[in-house]
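First up is the structure itself, then whatever we jot down about it.
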Amino acid sequence: MSASMTAQGKKLLLVGGNGMLAGKIAAVAPPDYKITAVDLPDFDLTDKAQVLAYVDDLRPGIIVNCAAFTNVDGCETEQTLADQVNGVAVGYLAEAAKSVDAVLVHISTDYVFDGEKSTPYLEDDQTNPQSVYGHSKLSGEQAVLASGLQKYFIVRTSWLYGPGGNNFVETIIRLSKDRTELGIVADQIGSPTYTGDLANAIFNILETSTSPQPPVPTPFGVYHFSNEGQCSWYEFAKEIVSLAEKNGETLKIEKINPINTEDYPLPARRPKYSVFSKKKYSQVTGKLVPNWKEGLVNYFTER
Ligand SMILES: NC(=O)c1ccc[n+]([C@@H]2O[C@H](COP(=O)([O-])OP(=O)(O)OC[C@H]3O[C@@H](n4cnc5c(N)ncnc54)[C@H](OP(=O)(O)O)[C@@H]3O)[C@@H](O)[C@H]2O)c1
């Protein structure tokens with residue numbers, strides 16, 4: 001009998017449990033999911049023996065991997081660690097999932113693409129990462145495929161923000177309290193994603209496999225999920241300031257100026273365009289994707 005048909009089915013191991021997305025996954029989980037969250041220092045994803053033993057002991061029906069080395073610029077100088085955490089160790093989790101017949105949900109990123117497209121990225125578009133972080137995350141995806149695990153979802157997302165995280169929204173609010181003028185990059189286009197919407201989407205995707213009779217053909221594979229719509233970081237920042245003021249924040253900011261990527265050099269190269277097509281997600285789950293402005297309003301309501 002498959003794990004999805006037993007009590008093991010909705011026992012969910014949440015790896016990287018102290019992180020921004022993981023916190024929201026634990027918060028919105030439907031009541032029939034039993035969540036065990038693990039993170040450093042007690043649980044180190046790069047310790048293969050520990051990963052295999054832990055999973056063998058817990059016997060989850062689902063493993064959700066939110067653990068990652070997410071400091072994109074930091075990865076440029078710490079390539080070995082990035083490759084271990086974001087790449088090699090993801091293979092340990094896939095192997096562990098396979099050994100107990102669990103479904104693995106692994107979170108990946110828009111930075112696996114080079115950003116040269118001008119129409120929304122599809123799941124099977126050619127990857128071509130431009131940074132150490134992007135390369136390491138692509139290695140993680142490849143480790144899942146190489147493990148031979150059939151029951152996996154790789155969910156790529158972009159421009160993530162939510163409670164408990166050191167994210168772009170909080171950075172803009174903080175800077176807007178200190179300065180009268182800001183220059184924000186206007187030539188990178190993407191889709192901000194609220195962790196609340198992504199967390200719900202992950203459960204919607206999971207439900208397609210844990211229902212008593214999963215669809216045929218199986219829903220497993222790669223998914224793109226970000227909020228609907230697109231903007232530049234500059235447009236995102238303007239919306240953040242506008243909502244912050246509406247929500248009673250006292251800001252000093254008077255002007256936000258659009259600047260080019262070259263005017264704000266960072267160690268890691270970012271894609272110029274990384275909007276996702278969410279067609280596959282909507283077709284498989286039957287759910288709509290909330291717009292990024294709606295996600296931002298919801299974040300302001302709860303922060
Ligand atoms: N943030 C974004 O804008 C963004 C965009 C696209 C995709 N993603 C992906 O979305 C996922 C969740 O991102 P997030 O922003 O929620 O991440 P996060 O807040 O940085 O959380 C990651 C968690 O993983 C933990 N971790 C790191 N190394 C570990 C290890 N060896 N063993 C166990 N746990 C470890 C971290 O612990 P420490 O804090 O102690 O290191 C942290 O608690 C990641 O896969 C990320 O690549 C994020």
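If you check the side chains of Glu228 and Ser191, you find no donor sitting under 3.5 Å from an acceptor. Side-chain contact annotation: Gln50 with Asp44, donor-acceptor N/O pair under 3.5 Å absent. Side-chain contact of Asn204 with Thr285: a donor-acceptor pair under 3.5 Å is absent, judged by distance alone. Judged purely by distance below 3.5 Å, without hydrogens or angles, the side chains of Lys151 and Ser209 never pair a donor atom with an acceptor atom.
The shortest non-hydrogen separation linking Ala89 to Thr46 is CB-CA, 3.8 Å. In terms of heavy atoms, Asp39 sits closest to Gly19 at OD2-N, 3.9 Å. Residues Tyr133 and Glu76 share a closest heavy-atom pair of N-OE2, 4.4 Å. Listed here is the closest heavy atom pair of Asp197 and Gly295: OD2-CA, 3.7 Å. Heavy-atom minimum distance, Thr195 versus Met20: CG2-CG, 4.0 Å. When every heavy atom of Leu206 is checked against every heavy atom of Ile62, the shortest pair comes out as CD2-CG2, 3.8 Å.
Of the possible donor and acceptor atoms, none in the side chain of Ser232 sits under 3.5 Å from a partner among the backbone N and O of Gln188. Asn86 places no side-chain N or O within donor-acceptor distance of the main-chain N or O of Asp83, the cut-off being under 3.5 Å. With hydrogens and angles ignored, the 3.5 Å screen pairs no side-chain donor or acceptor of Asp114 with any backbone N or O of Pro129. Of the possible polar contacts, one joining the Thr157 side chain to the Phe225 backbone as a donor-acceptor pair under 3.5 Å is found. Proximity of a side-chain donor or acceptor of Lys137 to a complementary backbone N or O of Val112 within less than 3.5 Å is not detected. Side chain of Asp101 to main chain of Ala97: no donor-acceptor pair is present (N/O by atom type, distance under 3.5 Å, no hydrogens or angles). Although no hydrogens or angles enter the test, the distance criterion places no donor-acceptor pair under 3.5 Å between the side chain of Ser242 and the main chain of Lys238. Listed for the Arg179 side chain is no donor-acceptor partner under 3.5 Å among the backbone atoms of Lys177. In this structure, the side chain of Asp178 does not engage the main chain of Ser176 through any donor-acceptor pair within 3.5 Å. Although no hydrogens or angles enter the test, the distance criterion places no donor-acceptor pair under 3.5 Å between the side chain of Tyr234 and the main chain of Asn260.
A heavy-atom distance below 4.5 Å is not found between the side chains of Val64 and Val15. Residues Glu294 and Asn291 form a side-chain contact, since some pair of their non-hydrogen atoms from C-beta on lies under 4.5 Å apart. In this structure the side chain of Ile25 reaches within 4.5 angstrom of the side chain of Phe203, judged on heavy atoms. Side-chain contact between Gln150 and Lys98 is absent, with no heavy-atom pair separated by less than 4.5 Å. Within the 4.5 Å cutoff, side-chain heavy atoms of Asp73 are placed close to those of Asn71. Within the 4.5 Å cutoff, the side chain of Tyr223 has heavy atoms near those of the Val284 side chain. Inter-residue side-chain proximity for Ile172 and Ile184 is flagged as met; some heavy-atom pair is nearer than 4.5 Å. Looking at heavy atoms from C-beta onward, Val241 lies in side-chain contact with Leu251 at the 4.5 angstrom threshold.
Of the candidates Tyr281, Phe113, Tyr121, Phe113 is the only one forming a ring-ring contact (aromatic ring centres under 6.0 Å, His included) with His224. Remark: of the listed residues Tyr299, Phe236, Tyr194, Phe276, Phe236 is the sole one forming a ring-ring contact (aromatic ring centres under 6.0 Å, His included) with Trp292. The side chain to side chain contact (heavy atoms under 4.5 Å, CB included) test with Arg156 singles out one residue from Ser274, Ser108, Ser226, and that residue is Ser108.
Using a 4.0 Å cut-off between charged side-chain N and carboxylate O, Glu302 and Lys24 make a salt bridge. The pair Asp187-Lys272 meets the salt-bridge criterion, since a charged nitrogen lies less than 4.0 angstrom from a carboxylate oxygen. We find that Lys278 and Glu123 are not joined by a salt bridge, their nearest charged nitrogen and carboxylate oxygen being 4.0 Å or further apart. Between Arg303 and Glu249 there is a salt bridge, with a side-chain nitrogen of the basic residue lying less than 4.0 Å from a carboxylate oxygen of the acidic one.
Asn166 CG: 12 or fewer foreign heavy atoms inside a 6.0 Å radius.
Ring centroids of Phe168 and Trp159 are separated by 6.0 Å or more, keeping the two rings apart.
Residues Leu45 and Tyr54 are members of one and the same hydrophobic cluster, defined by side-chain heavy-atom contacts under 4.5 angstrom among Ile, Leu, Val, Met, Phe, Trp and Tyr. Phe69 and Leu93 fall into different hydrophobic clusters, where Ile, Leu, Val, Met, Phe, Trp and Tyr residues are linked whenever their side-chain heavy atoms come under 4.5 Å apart, directly or through other members.
Stacking of Lys117 on the aromatic ring of Tyr273 is not recorded, the 6.0 Å distance cut-off and the 45° axial limit not both being met.
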